[in-house]
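Worksheet for the structure shown next.
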Amino acid sequence: MAECRLQASRQRRTKAMTPAAGSAGRAAVPLLLCALLVPGGAYVLDDSDGLGREFDGIGAVSGGGPNFGASLHILKVELGGDGQTTDGTEPSHMHYALDENYFRGYEWWLMKEAKKRNPNIILMGLPWSFPGWLGKGFNWPYVNLQLTAYYVMTWIVGAKHYHDLDIDYIGIWNERSFDINYIKVLRRMLNYQGLNQVKIIASDNLWEPISASMLLDPELLKAIDVIGAHYPGTRTMKDARLTKKKLWSSEDFSTLNNDVGAGCLGRILNQNYVNGYMTATIAWNLVASYYEQLPYGRCGLMTAQEPWSGHYAVEPPVWAAAHTTQFTQPGWYYLKTVGHLEKGGSYVALTDGLGNLTIIVETMSHKHSACIRPFLPYFNVSHQFATFLLKGSFSKIPELQVWYTRLGKPSKRFLFKQLDSLWLLDSGGAFTLELQEDELFTLTTLTTGGKGSYPQPPKSRPFPQVYTDDFDVDYPFFSEAPNFADQTGVFEYFTNIEDPGEHRFTLRQVLNQRPITWAADAYNTISVIGDYKWSNLTVKCDVYIETPEKGGVFIAGRVNKGGILIRSARGVFFWIFANGTYRVTGDLAGWIIYALGHVDVTAKRWYTLTLIIKGHVSSGMLDGKTVWKNIPVSFPKNGWAAIGTHSFEFAQFDNFHVEATS
């Protein structure tokens with residue numbers, strides 16, 4: 001065995017950067033098959049004593065097709081509730097009690113695109129916020145349990161009726177309180193509507209108190225199919241295991257999508273099962289398609305944050321996921337024989353019960369695999385040889401395909417490379433891997449894996465310095481205008497049936513009451529747009545206040561915060577109000593007042609606002625006439641352009657134009 005290891009080491013050094021024999025373009029094989037006596041420290045992979053838990057899949061929050069890229073098994077989408085949910089708001093299918101529209105937002109489109117690529121992809125829905133009318137004046141979705149259950153049920157029915165989408169799992173309230181009676185009411189309502197097949201996952205927060213509540217309440221235990229916890233740090237709790245329910249890490253990852261992000265994902269996809277018996281892991285988020293300066297910029301499996309250029313980047317976490325997703329399917333089973341490697345790292349093995357076997361080995365170091373949360377206690381990973389012995393029904397497997405990733409220095413980096421296959425016929429089912437830190441191996445009987453190919457994405461370029469939108473779209477494909485990122489409130493394309501003139505098609509803020517919030521939504525509505533680096537800019541927009549006396553609207557520049565931080569956004573904000581006043585403020589909340597006065601403004605009339613910011617001064621115009629000028633603005637130095645309203649009120653915007661000179 002020592003001689004065999006020495007040979008492996010030599011072979012690795014001499015072939016480190018050369019293609020393996022007979023496999024043009026593939027990475028060198030950093031392993032050696034050893035058909036000698038297996039030492040006592042071997043890792044046995046055996047199904048003689050039965051199998052472990054059923055595998056439920058790998059997914060992402062708001063997957064991909066089989067055997068290409070991430071090949072996700074699960075797509076989890078936000079059930080839009082009109083509130084801020086980290087990087088923006090998503091529109092509800094019911095803004096108001098008598099309103100139903102199943103074509104708002106992008107989630108319907110995303111689910112249909114996912115189904116085109118993988119017809120078997122599992123679909124999940126989860127509310128973050130809820131429309132305000134459900135709370136009857138309270139910031140609480142459980143005021144009327146029947147009403148909230150009805151609201152969620154209509155979303156599931158609408159998905160099927162309008163888009164032929166079958167929702168497989170529905171959640172309760174993301175990372176917030178659950179109500180035991182609400183869960184029971186929801187289960188009964190789903191059953192009454194013939195939706196018995198829709199499973200409930202709870203509570204998308206911590207393992208407790210949901211697990212203990214289930215053990216104490218037989219009806220609740222029966223109603224919930226899966227316990228889902230967020231960022232569990234690969235660990236579960238005793239009560240959760242005692243329920244005998246499926247355990248999922250129903251939100252995890254949310255880490256910058258560089259090599260450390262890939263290391264985080266590679267480690268938790270294995271260790272969530274090894275340490276915590278979790279049979280599904282769902283990454284937040286699927287694609288980083290939001291302005292990078294918003295919270296958790298580039299925390300997606302891939303990046304596509306420039307719709308104006310079409311540029312995107314397939315990031316390393318995609319390939320970390322592929323090591324599992326391309327070679328397993330929901331319905332496979334983990335082997336009981338999984339665990340940690342002697343010198344750091346872990347291994348899992350799964351089978352379809354039909355003779356196929358997939359083994360995933362990871363040796364992610366502490367330094368290169370720390371997720372954004374929770375805290376990761378120190379551990380050590382070092383160079384090692386790991387011998388695996390296939391027993392039971394796997395003992396006669398003749399060949400294993402090998403896929404390899406090594407993270408770290410670009411000169412030594414490989415992402416999802418296929419290596420020469422391993423022949424096991426003369427080895428008695430044994431093979432040895434030489435393992436360095438920050439590596440991923442998949443060894444599998446499946447021959448269907450593929451890195452695939454795709455055309456070079458368009459080149460990255462900044463947001464256009466001159467940008468105009470007249471919102472003249474008769475039948476919009478999406479309800480929201482491109483490039484605008486709603487941070488509080490919902491801004492939608494609108495048709496003025498009574499206005500045959502130039503303002504027939506506009507952008508309208510459509511919320512007239514505060515939603516049941518998940519985050520600290522502002523008290524004003526706001527949608528941001530543009531390049532965060534903009535400093536000197538002119539913003540011009542036609543505005544229409546719909547609410548007499550109390551209504552108000554604004555345009556803004558240099559807006560420096562968004563997402564869950566929107567309430568504290570600074571910038572230069574130019575407001576006009578239906579009571580005939582104007583205001584210039586240095587923040588969205590309106591605490592920092594630069595100027596105020598009277599203007600000839602009323603509701604139900606169109607006005608053109610212009611905001612000019614250059615260097616340390618700013619000026620504003622109403623219908624082409626200067627209202628205020630040369631007001632000093634020292635902070636912030638840069639930020640987005642924005643539009644919005646004084647409160648949750650109807651208002652319209654048209655002929656938006658921004659011109660940046662820096």
Side-chain angles (χ1 to χ4, degrees), residues 61-62 76-112 123-163 165 167 170-176 182 186 189 204 290 476-481 484-494 507-522 525-527 563-564 566 644-645 647-651:
V61 183
S62 226
K76 179 177 180 177
V77 305
E78 178 178 337
L79 204 160
D82 294 334
Q84 169 64 245
T85 58
T86 301
D87 290 301
T89 67
E90 289 200 35
S92 170
H93 65 289
M94 295 177 76
H95 291 318
Y96 332 109
L98 300 176
D99 162 60
E100 286 187 58
N101 183 322
Y102 297 91
F103 295 91
R104 293 184 184 127
Y106 59 85
E107 302 288 14
W108 311 108
W109 168 83
L110 190 64
M111 287 189 280
K112 286 188 286 190
L123 298 178
M124 300 175 64
L126 175 65
W128 267 247
S129 62
F130 295 83
W133 59 272
L134 285 171
K136 299 187 180 297
F138 295 92
N139 195 42
W140 191 244
Y142 307 127
V143 173
N144 184 326
L145 305 183
Q146 295 280 349
L147 197 60
T148 300
Y150 172 80
Y151 165 80
V152 170
M153 180 273 293
T154 59
W155 184 84
I156 297 169
V157 171
K160 181 64 175 176
H161 182 77
Y162 293 97
H163 303 285
L165 293 166
I167 304 300
I170 193 72
I172 306 305
W173 189 13
N174 182 65
E175 295 174 353
R176 297 293 179 263
Y182 168 72
L186 178 62
M189 187 171 289
D204 281 291
Y290 44 92
F477 188 76
F478 289 108
S479 57
E480 296 161 294
F484 281 91
D486 301 351
Q487 300 304 310
T488 298
V490 174
F491 295 74
E492 295 180 349
Y493 283 119
F494 182 67
L507 191 69
R508 188 186 195 214
Q509 199 294 117
V510 296
L511 300 190
N512 62 356
Q513 69 179 112
R514 187 175 178 81
I516 296 169
T517 57
W518 181 80
D521 297 45
T525 75
I526 178 172
S527 188
I564 49 179
I566 188 61
T645 66
S647 62
F648 288 93
E649 60 183 279
F650 298 130

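Since the structure is predicted, the reported quantities are computational estimates derived from the model, not experimental observations.
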So which heavy atom on Gly105 is nearest to which on Glu480, and how close? CA-OE1, 3.9 Å
For Trp518, is there any backbone N or O sitting under 3.5 Å from a side-chain donor or acceptor partner on Ser129? no
Does Tyr106 have any side-chain contact (heavy atoms from CB on, under 4.5 Å) partners at least two apart in sequence or in another chain, and if so, which? Ser62, Glu90, Phe478
Backbone N or O of Tyr151 within a donor-acceptor pair of the His93 side chain at under 3.5 Å? yes
Glu78 side, atom CD; Thr85 side, atom OG1 - distance, nearest 0.5 Å: 3.5 Å
Quick check: closest heavy atoms across Phe648 and Pro515, and the distance to 0.1 Å? CE2-CD, 3.7 Å
Tightest non-hydrogen contact, residues Ala149 and Tyr182, listed as N-CE1, 3.6 Å
Which residues pass the side-chain contact (heavy atoms from CB on, under 4.5 Å) test with Ala485, not counting sequence neighbours? Tyr291, Gln487, Val528
Partners of Lys112 by salt bridge (charged side-chain N to carboxylate O under 4.0 Å, His left out), sequence neighbours excluded? none
Please report the closest heavy-atom contact between Leu165 and Trp108, naming both atoms and the distance. CD1-O, 4.0 Å
Heavy-atom distance under 4.5 Å between the side chains of Leu186 and Ile172, does that happen here? yes
Can you list every salt bridge (charged side-chain N to carboxylate O under 4.0 Å, His left out) pair that touches residues 149-161, not counting sequence neighbours? Lys160-Asp164, Lys160-Asp166
Pair Thr517-Asn139, side-chain donor/acceptor within less than 3.5 Å: yes
With sequence neighbours left out, what residues match Glu175 under side chain to side chain donor-acceptor pair (under 3.5 Å)? His230
For Phe103, enumerate each residue passing the ring-ring contact (aromatic ring centres under 6.0 Å, His included) test, keeping only those at least two apart in sequence or located in another chain. Tyr162, His163
Non-neighbouring partners of Tyr290 that pass side chain to side chain donor-acceptor pair (under 3.5 Å), sequence neighbours left out: Asn285
Rounded distance [0.5 Å steps], CZ in Arg176 versus CD1 in Ile516: 13.0 Å
Taking only residues two or more places apart in sequence or in another chain, which ones pass side chain to side chain donor-acceptor pair (under 3.5 Å) with Thr148? none
Sequence neighbours excluded, which residues qualify as salt bridge (charged side-chain N to carboxylate O under 4.0 Å, His left out) partners of Asp486? none
For the side chain of Ser527 and the backbone of Phe484, is there at least one donor-acceptor N/O pair under 3.5 Å apart? no
By side chain to side chain donor-acceptor pair (under 3.5 Å) - contacts of Tyr142 (at least two apart): none
Please round to the nearest 0.5 Å and tell me the distance separating atom OH of Tyr96 and atom CG of Asn512. 5.5 Å
Given Leu134 and Met94, is the side chain to side chain contact (heavy atoms under 4.5 Å, CB included) satisfied, shown in steps? CA-CA 10 Å; Leu134 285 171; Met94 295 177 76; over 6 Å; no
Scanning both residues in full, the closest heavy-atom pair of Thr488 with Phe491 reads O-CE1, 3.8 Å
Side chains of Val510 and Phe494: does their closest heavy-atom pair fall under 4.5 Å? no
Is it the case that Glu100 and Thr154 place a side-chain donor and acceptor less than 3.5 Å from each other? no
Please assess Leu511 against His95 for the test side chain to side chain contact (heavy atoms under 4.5 Å, CB included), listing each intermediate value before the final yes or no. CA-CA 7 Å; Leu511 300 190; His95 291 318; 3.7 Å; yes
Between Ser92 and Asp82, what is the shortest heavy-atom contact and its length? N-OD1, 2.7 Å
Under the salt bridge (charged side-chain N to carboxylate O under 4.0 Å, His left out) test, residues paired with Arg104 that sit two or more places apart: Asp99, Glu492
Approximate separation, where rounding is to 0.5 Å, of Tyr493 OH and Leu507 CG: 7.5 Å
So how far is it from Thr645 OG1 to Ile526 CD1, rounded to the nearest 0.5 Å? 10.0 Å
Under the 3.5 angstrom rule, does the side chain of Trp128 hit a backbone N or O of Gly80 as a donor-acceptor pair? no
To the nearest 0.5 Å, what is the distance between OG1 (Thr89) and CG (Asp521)? 8.0 Å
Given Ile170 and Leu79, is the side chain to side chain contact (heavy atoms under 4.5 Å, CB included) satisfied, shown in steps? CA-CA 9 Å; Ile170 193 72; Leu79 204 160; 3.9 Å; yes
For Gln513, the side-chain contact (heavy atoms from CB on, under 4.5 Å) test, sequence neighbours excluded, returns Trp133
